[in-house]
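Remarks on the structure that follows.
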Amino acid sequence: MAKAQKSRRAEIRVLVVGYGKVGSALGWHLSRLGYKVLTVRRRTEDARYLVPDVDVIFFAVPDRQIQKLFLRLRRYIKPGTLVVHLSGAYGVELFKGAAERGIETLALHPIKSFFSCQQAKKDLPGGYFALDGTKKGLRLGRQLVAQLKGKAVLVCSEVRPLYHAMCVFGSNFIHPLFYAVEQIGKEIGFAPQKAREIIMPLTVGVIRNIKKQGAVTSLTGPVKRGDWITVKRHLKALKEHQPELVKLYKQLTRFLEEMR
């Protein structure tokens, strides 16, 4: 059965346009799964010579380039071809004029954070993927997600900006918090790596509690307890040693107060 499925995939010709972290990882996994990946191009202007002969085109380029590149290639894409982008902030509205030309569409966003090509290759499988697209696009998207041992969720174009903001809250906004950990750690005498090592078990425990109980129910700490004397001591110490962090501390404290 597995051999038969792989044989069928070998008949599907795939082009991955773009050679960044996600594009290179995707191309590698598609080949591993048995798809015929013709090429993964660095020079996207060469793609017009390849698009007439493929069944699926992945636009693995920055968000700002997806629509421009598709419009440049649209005339060369044959009807029935599936075009896919990997953006979280946009749905298939980026593929303007696709329906009129009989082109199928899919937005396939891996809900992951990738900081290197090797890490992207390792971490792409599993987890959740946000899908939007035509009926045929969604069918292939769900199949691919299943082959990558992941789970598919439907996120339509209208709510993609809100969905992507949710992703940013759950990922990018953690970075300034750990920047604060590192900066305060320096004042105490800890190297950044040591500060992260000390605080990480606390952070992982909090995330585990949030997963089980939710953000409000699992909240702990001085704001939850109404321990404003401790909060004032924090602010005094920050003003003296890390004044750039005072504004962030105050904003987050006010938000925590509203949550409790």
Side-chain angles (χ1 to χ4, degrees), residues 6-110 114 117 120 124 129-148 152 154-161 163-164:
K6 204 160 187 177
S7 177
R8 285 196 294 271
R9 291 174 204 159
E11 298 174 2
I12 301 175
R13 296 162 296 176
V14 178
L15 172 65
V16 181
V17 183
Y19 204 75
K21 292 172 287 194
V22 184
S24 59
L26 179 66
W28 187 87
H29 280 287
L30 288 170
S31 294
R32 176 183 64 81
L33 289 167
Y35 291 95
K36 186 176 181 180
V37 182
L38 300 181
T39 185
V40 179
R41 287 284 182 180
R42 292 179 184 273
R43 290 172 55 82
T44 54
E45 60 267 28
D46 292 341
R48 69 179 182 273
Y49 300 112
L50 299 167
V51 296
D53 299 319
V54 298
D55 305 297
V56 183
I57 305 169
F58 285 90
F59 289 83
V61 296
D63 289 5
R64 65 183 180 277
Q65 296 177 15
I66 295 168
Q67 188 172 85
K68 291 179 184 177
L69 184 57
F70 171 71
L71 292 176
R72 198 155 66 230
L73 297 175
R74 187 176 59 187
R75 73 177 76 172
Y76 307 106
I77 301 173
K78 68 179 184 293
T81 302
L82 174 64
V83 293
V84 189
H85 73 68
L86 307 173
S87 170
Y90 298 91
V92 293
E93 75 277 5
L94 290 181
F95 295 127
K96 289 186 179 296
E100 291 82 351
R101 296 185 64 86
I103 300 170
E104 303 290 341
T105 58
L106 173 67
L108 177 72
H109 180 240
F114 304 118
C117 290
L124 183 63
F129 293 75
L131 308 185
D132 177 38
T134 59
K135 188 174 181 180
K136 180 180 176 181
L138 289 173
R139 184 167 64 248
L140 188 140
R142 291 189 178 100
Q143 290 172 359
L144 179 58
V145 168
Q147 290 157 12
L148 289 170
L154 185 63
V155 182
C156 62
S157 296
E158 291 77 11
V159 296
R160 293 288 276 208
Y163 149 78
H164 200 242

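The structure presented is a predicted model; accordingly, all values stated were derived computationally and were not measured.
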**Study point:** Main-chain N/O of Val54 paired to Arg13 side chain as donor or acceptor, under 3.5 Å
**Key:** no
Check your understanding: Do Leu140 and Leu82 come close enough that some side-chain heavy atom pair is under 4.5 Å?
Key -> yes
Practice item. Hey, could you give me the CD1/CG distance between Ile66 and Leu86, rounded to the nearest 0.5 Å? Key: 7.5 Å
Check your understanding: Stepwise, does the side chain to side chain contact (heavy atoms under 4.5 Å, CB included) test hold for Leu15 with Val37?
Key -> CA-CA 6 Å; Leu15 172 65; Val37 182; over 6 Å; no
Point to revise | Polar side-chain atom of Glu93 near backbone of Gly91 as donor-acceptor pair, under 3.5 Å | key: yes
Review point. Stepwise, does the side chain to side chain contact (heavy atoms under 4.5 Å, CB included) test hold for Val155 with Val159?
Key: CA-CA 7 Å; Val155 182; Val159 296; 3.9 Å; yes
Exercise for review: Kindly give the heavy-atom pair with the smallest separation between Tyr90 and Arg160, and that separation in Å.
Suggested key: O-NE, 3.1 Å
Review point. Quick check: does any side chain N or O of Arg139 sit under 3.5 Å from a backbone N or O of Thr134, one acting as donor and the other as acceptor?
Key: no
Point to revise | Shortest non-hydrogen contact from Asp132 toward Ser157 | key: OD2-OG, 2.6 Å
Check your understanding: Hey, what's the ring geometry for Phe59 with Phe95, parallel, tilted or perpendicular (30° and 60° as the breaks)?
Key -> tilted
Check your understanding: When rounded to the nearest 0.5 angstrom, what is the spacing between CG in Leu38 and CG in Asp53?
Key -> 8.0 Å
Exercise for review: Check the pair Val14 / Asp55 against side chain to side chain contact (heavy atoms under 4.5 Å, CB included), numbers first and verdict last.
Suggested key: CA-CA 6 Å; Val14 178; Asp55 305 297; over 6 Å; no
Exercise for review: Report yes if the distance between the aromatic ring centroids of His85 and Phe58 is under 6.0 Å, otherwise no.
Suggested key: no
Check your understanding: Where do Gly23 and Val16 come nearest, in terms of heavy atoms and distance?
Key -> O-CG1, 3.7 Å
**Study point:** Check: Arg142 side chain, Leu131 main-chain N or O, donor-acceptor pair, under 3.5 Å
**Key:** no
Check your understanding: CG of Leu69 to CG of Leu94: how many Å apart, nearest 0.5 Å?
Key -> 11.5 Å
Review point. When Val51 is tested against each of Leu73, Val17, Val83 for side-chain contact (heavy atoms from CB on, under 4.5 Å), which residue passes?
Key: Leu73
Practice item. Of all the heavy-atom pairs spanning Val92 and Ala107, show the shortest one and how long it is. Key: CG1-N, 3.6 Å
Check your understanding: Would you find a donor on one side and an acceptor on the other, under 3.5 Å apart, between the side chain of Thr81 and the backbone of Ile77?
Key -> no
Revision key, fill the gap. Here the gap from Trp28 atom CH2 to Cys117 atom SG, rounded to the nearest 0.5 Å, amounts to 13.5 Å
Exercise for review: Using a cut-off of 6.0 Å, state whether more than 12 heavy atoms not belonging to Tyr163 lie near its atom OH.
Suggested key: yes
Exercise for review: Could you pull out all residues at least two apart from His164 that satisfy side-chain hydrogen bond (donor to acceptor under 3.5 Å, both in side chains)?
Suggested key: none
Review point. Just checking, is any N or O donor in the side chain of Tyr35 or Gln147 under 3.5 Å from an acceptor N or O on the other one?
Key: yes
Check your understanding: Got more than 12 heavy atoms from elsewhere within 6.0 Å of NZ, Lys78?
Key -> yes
Check your understanding: Can you name the nearest heavy-atom pair linking Arg101 to Arg75, along with the distance?
Key -> NH2-O, 3.2 Å
Study note, to complete from the structure: dist Arg72:CZ -> Gln67:CD (nearest 0.5 Å) comes out at 12.5 Å
Practice item. Give a yes or no on whether the backbone of Ser31 and the side-chain of Lys36 come within a donor-acceptor separation of less than 3.5 Å. Key: no
Revision key, fill the gap. Minimal heavy-atom distance between Val61 and Gly18, with the atoms involved, is CG1-CA, 4.1 Å
Check your understanding: Taking Lys21 for the side chain and Phe114 for the main chain, is one N or O donor matched with an acceptor at less than 3.5 Å?
Key -> yes
Exercise for review: State the CG-CG distance between Leu30 and Leu144, to the nearest 0.5 angstrom.
Suggested key: 6.0 Å
